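Structure first, commentary second.
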2 protein chains.
Amino acid sequence: MKKEPSLSDVAMQLGVSKTLVSFVLNNKGDEKGISKATQKKVREKVIELNYQPNQIARGLRIGKTKTIGLLVADISNPFYARIARIIEFYAEKQAYNVMFCSSDEDENREKILLQMFRERQVDGAIISSTADNPEFLRSLIRDGFPFVLIDRYFENIDCNYVVVDNYQATYTSTNYLLNKGNKNIGFITLSPSHISSLHERKAGYLGALNERKFENKSDYILEVDYSDVKKRNYQSIKNYFVKNNELTAVFITNNNLAVAVLKTLKELNINVPNDIALMTFDDIDIFRITTPSVSVVAQPVDEIGKHAVSILLKSIEEENSQFVNKILQTKLIIRESTNK
Amino acid sequence: MKKEPSLSDVAMQLGVSKTLVSFVLNNKGDEKGISKATQKKVREKVIELNYQPNQIARGLRIGKTKTIGLLVADISNPFYARIARIIEFYAEKQAYNVMFCSSDEDENREKILLQMFRERQVDGAIISSTADNPEFLRSLIRDGFPFVLIDRYFENIDCNYVVVDNYQATYTSTNYLLNKGNKNIGFITLSPSHISSLHERKAGYLGALNERKFENKSDYILEVDYSDVKKRNYQSIKNYFVKNNELTAVFITNNNLAVAVLKTLKELNINVPNDIALMTFDDIDIFRITTPSVSVVAQPVDEIGKHAVSILLKSIEEENSQFVNKILQTKLIIRESTNK
DNA sequence: ATGAAAGCGCTAACAT
DNA sequence: ATGTTAGCGCTTTCAT
């Protein structure tokens, strides 16, 4: 790799100081009273040499890298991929760049990746945390490292977060299914189950059942290992449906899992919605074009990304800004899969 | 943000030199003959202070950031999201991090983003280029900036790339459809059409038709604007099917586009595969669970990502390594959508 | 077995 | 209107 021209190359060739060149390039030329003529000379030389400022050096000097870290379970999950795109969009508007990492829902990996982000001096991070014991988040707060949680938060940790009202979402959805006359409603979710969003989704489901005095059979709740879904091992799902064939509806807490369930039902020759109604979290493309199309709880993905970035950047740029907590509402979209 | 402890904090508190601490932390303690006892002291102090090396400073000093850039059209396209995940996986193994950007198939954006990558001193980049006039890639080569193209390459630019045999892929697919007795086979692709992969896919389709002496009506080829797909404006697709209702099969060159077509066909009440057979590029989850499931040309995504990283890192770490060109084979996966 | 000092490329306070 | 200089936190050569 050829050596790139540096500020001093530009300065030297022009017979001026680095300071001057730096001022001009940072648009402080007028403010600092650099003559128009000199400014022009500088800009021309920059183009001639194809000089590109070294942002690493700049970052070291000013203590900011204009980079933010994005830490999610899996960047290839359409929900997170979509969020990544939105985050990129808003970050770029303010000249920030984004670095991503996938934790694979592994708490230990999450810690390591976060540490890596910090060593690389990202100015802050957007995190979908998988932590069960989020002590390490406390230490981020103690150090004043700016971050905002998305999708999941922790009751006993006071920090920035942007989440949706998961309880309300599944409470409403379950009621919808009950009102359609379903008496045996299954619930399929992911483990690790300590994750706040999953936890609350389950609570919303149970809340709706209890309120209507429906018994909630524990058999009707299935927790599938994240790693099984990743490895496409759907045995537990198959067993679940074989065993609980009196179910008339099922709610699924995550898009990946819903895909797994749809595949399994297809294999088992169980028809949606005639044999069983189906509803899931996450409005991704796929659910609009399946036959039947799938009723979903849509998260306001754009809003999540937008708020996450704006809260983070505020947190980075203003010392001691207050923590902000944003709880967004979801939207129930009814399609064919719940239409018996 | 609290000031982080630095190397000299560690050194000072221990009453030793920065050099020594640096040696120990870079595992050169033994080689440099630092006594075991001192090494132990250093490591303990590091933990006590929770010292985290500043990789920006390190990067400036050694001229490497251990970061690679990933530039694609849209990180939220499942094909690219998947590749991103793979690239992350292999990069991490060698202690590299990845920064991503989406060009939106905009050549000018691509140039700017690439420049930004260079200013941020990424050690190299993996690029799915949208360029029509790829002169700026030549200047990367001139500067010795390491990069590898994926998905698309340029005939007259000698550089690293990892692509699939697109001609063969559509040639085989079209022949499959012809053998099934289809006489009027449509072809729906994206513009900008100069992109090598799209270009070759079209050539493969035409090649198969010509060989069998089938006339290729230009009406049967539809080019949809990338921006229309993004904006979910499917009017041209609708018109196409209304106009060409003698089609018995259609091949689509990209997953996003296929989703758009499936939605449109559903709206128009055109049944797949009874009214029309359908086949597309890219084996993403969605196509396995639709009814009917969709026949696809599967790209070896894992292989693409794996090779891209390994070629790039080699290119970064070895001066004057030869350019390598990898052309991978696709796999035709037949599902229900072509089963009349 | 350990340290001093230079320098990566930049910014900014302080000259002049 | 422009220049000198110190220093961000690290690595590494050369001393001792």
Side-chain angles (χ1 to χ4, degrees), chain A residues 1-43 45-46 49-67 118-123, chain B residues 1-42 45-46 49-67 95 118-123:
Chain A
M1 175 105 162
K2 268 211 299 232
K3 199 195 152 301
E4 308 276 322
S6 74
L7 241 205
S8 35
D9 293 326
V10 178
M12 230 149 52
Q13 294 202 21
L14 245 32
V16 299
S17 73
K18 291 189 297 172
T19 314
L20 190 151
V21 178
S22 171
F23 282 156
V24 172
L25 295 186
N26 290 302
N27 293 315
K28 293 183 186 159
D30 293 337
E31 174 191 332
K32 297 289 179 180
I34 314 284
S35 73
K36 292 287 179 205
T38 315
Q39 293 199 39
K40 186 147 173 280
K41 272 198 323 193
V42 170
R43 295 191 192 285
K45 194 49 125 186
V46 161
L49 296 183
N50 189 26
Y51 165 71
Q52 296 174 326
N54 181 330
Q55 299 294 354
I56 290 297
R58 179 164 209 272
L60 177 61
R61 175 60 232 229
I62 68 177
K64 300 237 157 283
T65 53
K66 287 277 190 178
T67 302
R118 297 194 64 186
E119 292 188 353
R120 283 164 180 274
Q121 311 298 118
V122 303
D123 294 338
Chain B
M1 177 105 163
K2 269 209 299 229
K3 200 196 151 300
E4 307 275 323
S6 74
L7 241 206
S8 33
D9 293 326
V10 178
M12 229 151 51
Q13 293 201 22
L14 246 32
V16 299
S17 73
K18 290 190 295 173
T19 314
L20 188 150
V21 178
S22 172
F23 283 157
V24 173
L25 295 186
N26 289 301
N27 294 314
K28 294 184 186 158
D30 292 338
E31 173 191 333
K32 298 289 181 180
I34 314 284
S35 73
K36 291 288 178 203
T38 315
Q39 293 201 37
K40 186 147 172 278
K41 271 196 325 191
V42 170
K45 194 48 126 185
V46 162
L49 296 182
N50 188 26
Y51 165 72
Q52 296 173 326
N54 181 331
Q55 299 294 353
I56 290 296
R58 178 163 210 272
L60 177 60
R61 174 62 230 234
I62 67 177
K64 300 236 157 282
T65 54
K66 287 278 192 176
T67 301
R118 297 193 64 186
E119 292 188 352
R120 283 165 179 273
Q121 311 296 120
V122 302
D123 294 338

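In this text, all values refer to a predicted model and were calculated from it rather than measured experimentally. In the text below, chain A, chain B and the rest are named by the order of the sequence lines, each starting its count at 1.
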Protein-nucleotide distance ([X], atom [atom1]; [N], atom [atom2]), rounded to Å:
X	N	atom1	atom2	result
B:R58	D:dC10	CZ	P	10 Å
A:E31	C:dA12	CD	C1'	11 Å
B:D123	C:dC8	CG	P	18 Å
A:K36	D:dA1	NZ	P	10 Å

Under 4.0 Å from OP1 or OP2 of [N]: is there any side-chain N or O of [X] that close?
X	N	result
B:S22	D:dT11	yes
B:T38	C:dT2	yes
B:N54	D:dC8	no
B:K28	D:dT12	yes

**Asked** Under 3.5 Å, is there a donor-acceptor pair between the B:Q52 and A:E119 side chains?
**Response** no
**Request:** Report yes or no: do B:K45 and B:Q13 form a side-chain donor-acceptor pair below 3.5 Å?
**Result:** yes
**Message:** Using a 3.5 Å distance criterion without hydrogens, assess whether the side chain of A:T19 forms a donor-acceptor pair with backbone atoms of A:S17.
**Reply:** no
**Message:** I'd like to know if the side chain of B:Q39 and the backbone of B:I34 have a donor-acceptor N/O pair within less than 3.5 Å.
**Reply:** yes
**Complete:** Looking only at C:dC10, D:dT11, C:dG9, the nucleotide nearest the A:K3 side chain is C:dG9
**Fill in**
Out of C:dC8, C:dA12, C:dG9, minimum distance to the side chain of A:F23 belongs to C:dA12
**Message:** If you assign each of A:K32 and B:G33 to its closest nucleotide in DNA chain C, which residue comes earlier from the 5' end?
**Reply:** B:G33
**Asked** Hey, is NZ on B:K36 packed in by over 12 heavy atoms from elsewhere, all under 6.0 Å?
**Response** no
**Request:** Let me see the working for A:V24 and A:T38 under side-chain contact (heavy atoms from CB on, under 4.5 Å), right down to the final yes or no.
**Result:** CA-CA 9 Å; A:V24 172; A:T38 315; 5.9 Å; no
**Request:** For residues B:L7 and B:S22, report the shortest heavy-atom separation together with the two atoms involved.
**Result:** CD1-CB, 4.0 Å
**Prompt:** For residues 9-21 of chain B, which residues have at least one heavy atom under 4.0 Å from DNA chain D?
**Reply:** B:K18, B:T19
**Request:** Kindly calculate the angle separating the two end axes of the helix from C:dA1-D:dT16 to C:dT16-D:dA1, each obtained from five base pairs, and round it to 10 degrees.
**Result:** 40°
**Message:** Working to the nearest 0.5 angstrom, can you tell me the gap between B:L25 CG and B:L20 CG?
**Reply:** 9.5 Å
